[in-house]
Amino acid sequence: RLVGSEMCIRDRHKGYYTKAQIKSIVKYAHDFGISVMPEFDIPGHSRSALACYNYLGCFERNLPVADHWGVKHDVLCAGKESTYEFVEDIVDELCELFPDKYFHIGGDEVPKHRWHLCPHCQAMMKKLGLNNEDELQCCFMNRINDYCAGKNKQAFMWSWDLKDDKLLSENLGFTKCGDINTGGRPFIDTSSKAYYIDLPYGYISLKNTANHKLYDGNCLGAEATLWTEYVPDMKKADKMTYPRLGAMCETVWRGENSYEQFHNKLDYYYSYLDKNRIGYSKLYFANPNRALGFLQRIWFEKRQLTWEGLS
């Protein structure tokens, strides 16, 4: 997700990767034995597509590109074939750029208000014999999952609180951020209580990350998520990432979910980061006291007041 400084978020919206740049990133990762899984988040988080191609929405409204944090009510229409053609075209192009096995298709934070009112979505529900819009999203995700499988991709989506997800394909993996039941599907642990490292330490301290035990079940690994809406540069990214990433690695690679054990290695870890000129948060900031943690949370919540929907 491409972002700029806070000033840029308000005033300027631009940025992209060329195909050549993406291929160079993938090659760099492969040289270190790292697979790259792209995320194409659908049908929500799609305002940029709707701003360019309004026929992808339920009511073909002219919408601006979103320039602020928050869940958007306008999502891709699940009742038009043109939507699926658009999505499949993008999947085709992304599969050429990202040749590894895994592919993420989003699926999180999808308000159903538009679908409930949309004649196209309601007609699709009637055609498929569906009872509600949650079931419609299951069918949407299944269709894209099947398309990815046809390209030899293992698709993943975010686990979310659907009232009824029994229609989801059993081979569709989850990135699991909470205690939701994955139904035996393969999943990646991305606990929002430990691995959402964009959140201030007042929410997720170093102790929280180090003490997290991987979720039981068919767990393939873990993922640290650094959403960058309010991370303007690498200096900030480093402070949010380190030393939490080291604590996470101890849990995932060594099976040690103990802050005490990680703390014993912290001086060495800090010296390693210093030697490699990597920034990090000092311990007093990474494990804030009550007052500092409160201030960190207030700073973060202040920014979330820009959420759409207040009007």
Side-chain angles (χ1 to χ4, degrees), residues 32-35 37 108 156 158-161 173-182 186-304:
F32 286 92
I34 298 171
S35 298
M37 177 171 65
D108 62 322
F156 285 82
W158 291 99
S159 60
W160 82 104
D161 56 345
F174 276 168
T175 41
K176 181 178 178 181
C177 55
D179 295 328
I180 189 171
N181 184 2
T182 61
F187 70 90
I188 299 168
D189 184 344
T190 176
S191 169
S192 60
K193 298 178 181 178
Y195 298 152
Y196 269 46
I197 61 175
D198 65 307
L199 295 176
Y201 289 93
Y203 281 119
I204 299 176
S205 68
L206 180 60
K207 290 181 179 180
N208 294 140
T209 302
N211 286 329
H212 177 69
K213 182 179 180 181
L214 289 180
Y215 291 122
D216 293 329
N218 192 14
C219 182
L220 302 181
E223 173 186 348
T225 54
L226 181 64
W227 313 120
T228 54
E229 284 90 345
Y230 298 125
V231 180
D233 49 43
M234 284 305 300
K235 181 179 180 180
K236 178 67 173 179
D238 284 347
K239 286 184 175 293
M240 301 304 290
T241 302
Y242 304 101
R244 285 192 285 205
L245 194 62
M248 174 186 174
C249 291
E250 289 287 280
T251 301
V252 178
W253 292 337
R254 297 178 60 86
E256 296 179 356
N257 56 302
S258 167
Y259 173 72
E260 287 72 22
Q261 292 180 6
F262 180 68
H263 184 266
N264 292 335
K265 307 171 185 178
L266 195 54
D267 287 342
Y268 172 80
Y269 189 45
Y270 277 149
S271 68
Y272 174 83
L273 295 172
D274 284 330
K275 184 177 181 180
N276 288 276
R277 298 180 180 179
I278 298 172
Y280 55 84
S281 289
K282 296 291 183 67
L283 193 57
Y284 80 90
F285 196 83
N287 283 326
N289 59 32
R290 182 175 297 181
L292 180 56
F294 176 76
L295 291 175
Q296 291 176 354
R297 295 193 300 272
I298 288 295
W299 172 87
F300 187 78
E301 293 293 342
K302 174 179 177 290
R303 299 193 165 199
Q304 294 193 80

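Taking both residues in full, the closest heavy atoms of L266 and P243 are given as CD1-CB, 4.1 Å, listed atom of the first, atom of the second, then distance. Listed here is the closest heavy atom pair of T190 and W158: CG2-CZ3, 3.4 Å. The minimum heavy-atom distance linking S192 with I204 is given by the pair O-CD1, 3.1 Å. Nearest approach of A222 to V252, heavy atoms of both residues: CB-CG2, 3.5 Å. Nearest heavy-atom pair across K176 and T182 is CD-CG2, 3.6 Å. The two residues S159 and F174 have their closest heavy-atom pair at CB-CD1, 3.8 Å.
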Practice prompt. Using the side-chain contact (heavy atoms from CB on, under 4.5 Å) rule, take Y242 and Y270 through it: C-alpha gap first, then chi angles, then the decisive distance, then the call.
Written response: CA-CA 9 Å; Y242 304 101; Y270 277 149; over 6 Å; no
Discussion item. I'd like to know whether I188 forms a side-chain contact (heavy atoms from CB on, under 4.5 Å) with M37, so could you lay out the CA-CA distance, the side-chain angles of the two residues, the decisive distance to 0.1 Å, and finally the verdict.
Written reply: CA-CA 12 Å; I188 299 168; M37 177 171 65; 3.9 Å; yes
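When atom types are taken as modelled, the side chain of N208 and the backbone of S205 share a donor-acceptor pair closer than 3.5 angstrom. When atom types are taken as modelled, the side chain of T209 and the backbone of A247 share no donor-acceptor pair closer than 3.5 angstrom. With N276 contributing its side chain and I278 its backbone, the two residues share no donor-acceptor pair below 3.5 Å. In terms of modelled atom types and a separation under 3.5 Å, the side chain of S271 and the main chain of Y268 share a donor-acceptor contact.
Here CD1 of I197 is found 5.0 Å from CG of L226. Values are rounded to the nearest 0.5 Å. Note that CD of E223 is 13.0 Å distant from CZ of F187, once rounded to the nearest 0.5 Å. Summarising the geometry, atom NZ belonging to K193 is positioned 7.0 Å from atom OG belonging to S191; distances are rounded to the nearest 0.5 Å. Here E250 contributes atom CD and E256 contributes atom CD; the two are 5.0 Å apart, rounded to the nearest 0.5 Å. Atoms CG and NZ, from D198 and K236 in turn, are 10.0 Å apart once rounded to the nearest 0.5 Å.
Remark: K265 is not positioned above the aromatic ring of W253, lacking an NZ or CZ atom under 6.0 angstrom from the ring centre and at most 45 degrees off the axis. With Y201 as the aromatic partner, R244 meets the cation-pi criteria of under 6.0 angstrom to the ring centre and within 45 degrees of the ring axis.
Taking the side chain to side chain contact (heavy atoms under 4.5 Å, CB included) definition, one finds that S35 meets it with D100, sequence neighbours left out.
No option in N257, D189, T251 other than D189 meets the side chain to side chain donor-acceptor pair (under 3.5 Å) test with H212.
Side-chain contact between L199 and W227 is absent, with no heavy-atom pair separated by less than 4.5 Å.
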Just list the side-chain donor-acceptor pairs under 3.5 Å for residues 279-288, sequence neighbours left out, or say none.
{"residue": "Y280", "atom": "OH", "partner": "D274", "partner atom": "OD1", "Å": "3.0"}
{"residue": "Y280", "atom": "OH", "partner": "D274", "partner atom": "OD2", "Å": "3.1"}
{"residue": "S281", "atom": "OG", "partner": "K239", "partner atom": "O", "Å": "2.8"}
{"residue": "N287", "atom": "OD1", "partner": "L206", "partner atom": "N", "Å": "3.3"}
{"residue": "N287", "atom": "OD1", "partner": "K207", "partner atom": "N", "Å": "3.1"}
{"residue": "N287", "atom": "ND2", "partner": "Y259", "partner atom": "OH", "Å": "2.9"}

